[in-house]
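All values derive from a computational prediction rather than experimental measurement. Numbering starts at 1 and runs along the sequence shown.
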Amino acid sequence: MSKTIVLTAGGSGGHLFPAIALGLALLKRGYPVKLYTDDRGAEYAKLKSCLEAHIVPAASPFRGGIRGKIGFVFTLLRGALVASRLLRRHGAAGVVGFGGYASFPTTFMAARQNRPVILHEQNGYLSLANRKIAKMASAIALSFPTVEGVPQTSARRVETGNPVRPEINRLHKRTYIAPKSGGPFYLFIMGGSQGARVFSDVVPEAVAGLDEAKRQRLQVTQQCRPEDIKRVRSAYDAAGIDAHLQSFFDNVPDRLAATHLMVCRAGASTCAEALVAGVPAIYVPYPYAANDHQTANGRYIEKAGAGWLLSQKDFTAERLRTKLICLLENPAPLASVAASAANIGRPDAAERLADVTVSVINGMAHQDV
């Protein structure tokens with residue numbers, strides 16, 4: 001019988017998407033897979049995958065003041081006990097941790113039980129949960145060639161890329177077609193799981209200032225917070241712009257396939273999906289992300305010529321309008337950036353991470369894969 005592999009991740013899409021992608025790759029290889037996560041992650045896994053999910057209590061150490069910190073300690077202890085029992089019950093041959101507070105109890109207890117631990121880091125800066133376990137890990141899989149914040153450790157480091165959903169992987173072989181002169185220009189604005197208010201503030205003002213001929217070419221699809229949709233729709237209607245607004249898109253692969261330019265945050269999953277799909281994008285990092293890791297993500301992409309990086313401070317209607325005018329009048333850079341994005345996108349990331357995982361649990365942590 002094949003060895004059971006445990007995946008553990010926080011409940012956000014940025015942690016869960018790559019965990020689920022790895023889980024599917026391991027299932028195809030005949031390995032039983034269990035997912036340990038929090039309540040939100042378990043609900044998502046039930047809806048979006050066939051992985052068997054188990055809830056491990058977890059909490060943030062940075063919420064609720066003194067009372068919250070005391071609660072965090074007790075929750076952490078409960079999570080460690082639950083993870084310890086689950087690991088023994090499932091006979092886990094190894095654990096792959098994807099970060100997030102919900103991953104820490106499982107990776108910590110796996111290391112204490114002398115089970116191999118592989119960490120996967122989605123961002124350009126090693127997350128807190130992964131940093132706390134790094135010195136106990138057998139291998140650290142990275143999404144970028146260089147990742148900041150990795151401590152000195154004997155763990156093997158390997159760049160695997162960040163696994164994305166199979167529907168996104170299928171876009172990697174498509175040919176990006178730049179907008180034709182005078183033709184429709186498809187603009188997709190996506191602001192993470194909650195939407196980004198700054199996009200609702202800046203983008204409608206930016207496009208409303210375009211001349212009429214350019215406004216008529218734009219076809220806008222934008223994610224907005226529910227409370228922002230009414231005012232954003234009014235702004236687009238007043239400018240005579242065709243806009244489709246939703247608070248959540250469940251057909252992101254279809255949207256990416258039709259997109260000429262995306263404006264988005266620089267979260268790990270967003271970056272990975274845009275690169276694999278070969279979509280040119282303007283990345284506006286969330287300025288309050290831990291260790292400013294979204295800026296690290298965007299910096300790597302811009303350096304590779306695979307997108308444009310704008311800090312939120314510099315993301316103004318005037319700056320965005322100027323960029324749109326340049327690209328509407330001369331779309332050639334879009335095709336060049338799309339090609340660079342596809343070039344550094346890693347559609348094989350799930351398989352590469354599966355190779356690392358299998359090599360570690362089979363006792364070959366120092367072999368090339």
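Checked against the 6.0 Å centroid threshold, Y186 and H260 count as a close aromatic pair.
Classification of D211 and R217 as a salt-bridged pair fails, no side-chain N sitting under 4.0 Å from a carboxylate O. Of the charged side-chain nitrogens involved, at least one lies within less than 4.0 Å of a carboxylate oxygen, so that R29 and D355 count as a salt-bridged pair. Residues R299 and E148 are paired through a salt bridge, judged by an N-O separation under 4.0 Å between the basic side chain and the carboxylate. For the pair R321 and E318, the salt-bridge criterion is not met [side-chain N within less than 4.0 Å of a carboxylate O]. Ion pairing between a basic and an acidic side chain is recognised when a charged N comes within 4.0 Å of a carboxylate O; R225 and D228 show no such pairing. A salt bridge links D348 with R346: at least one charged nitrogen is closer than 4.0 Å to a carboxylate oxygen.
Looking at every heavy atom in both residues, P287 comes nearest to D292 through O-OD1, 4.4 Å. A178 approaches A335 most closely through the heavy-atom pair CB-CB, 4.4 Å. L245 approaches I229 most closely through the heavy-atom pair CD1-O, 3.9 Å. Nearest heavy-atom pair, P57 versus P105, reported as atom, atom and distance to 0.1 Å: O-CG, 4.1 Å. Nearest approach of G13 to S269, heavy atoms of both residues: O-OG, 3.7 Å. Across every non-hydrogen atom of A317 and A206, the tightest pair is O-CB, 3.4 Å.
Using a 30° and 60° split on the angle between ring planes, F249 and F188 fall in the perpendicular class, above 60°. Ring pair Y286/Y288 is perpendicular by interplanar angle, where above 60° counts as perpendicular and below 30° as parallel.
Counting only distance, with no hydrogens or angles, the side chain of Q223 and the backbone of G191 share a donor-acceptor pair below 3.5 Å. Put simply, the side chain of N362 gets close to the backbone of V358: a donor and an acceptor are under 3.5 Å apart. Of the possible polar contacts, none joining the T259 side chain to the M262 backbone as a donor-acceptor pair under 3.5 Å is found. The closest donor-acceptor contact from the side chain of Q294 to the backbone of A289 lies at 3.5 Å or more, if one exists at all. Of the possible donor and acceptor atoms, one in the side chain of T153 sits under 3.5 Å from a partner among the backbone N and O of A134. For the pair T270 (side chain) and A266 (backbone), a donor-acceptor distance under 3.5 Å is absent. Of the possible donor and acceptor atoms, one in the side chain of Y36 sits under 3.5 Å from a partner among the backbone N and O of L86.
Remark: the S311 side chain and the D314 side chain contain an N/O donor-acceptor pair separated by less than 3.5 Å. Neither side chain, H15 nor Y101, offers a donor N or O lying under 3.5 Å from an acceptor on the other. There is a side-chain donor-acceptor pair under 3.5 Å between E121 and N130. Defined by atom type and a distance below 3.5 Å, a donor-acceptor pair is missing between the side-chain atoms of H244 and Q222. Side-chain N/O atoms of Q113 and S84 include a donor and acceptor closer than 3.5 Å.
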query = Yes or no on ring-ring contact (aromatic ring centres under 6.0 Å, His included) for F98 and H120, after CA distance, side-chain angles and deciding distance?
reply = CA-CA 5 Å; F98 289 84; H120 180 269; 5.5 Å; yes
task = Just do the ring-ring contact (aromatic ring centres under 6.0 Å, His included) check on F144 and Y125 with the steps written out, would you?
result = CA-CA 10 Å; F144 299 104; Y125 195 104; over 10 Å; no
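Cation-pi geometry between R265 and Y283 is not satisfied (NZ or CZ under 6.0 Å from the ring centre, within 45° of the ring normal).
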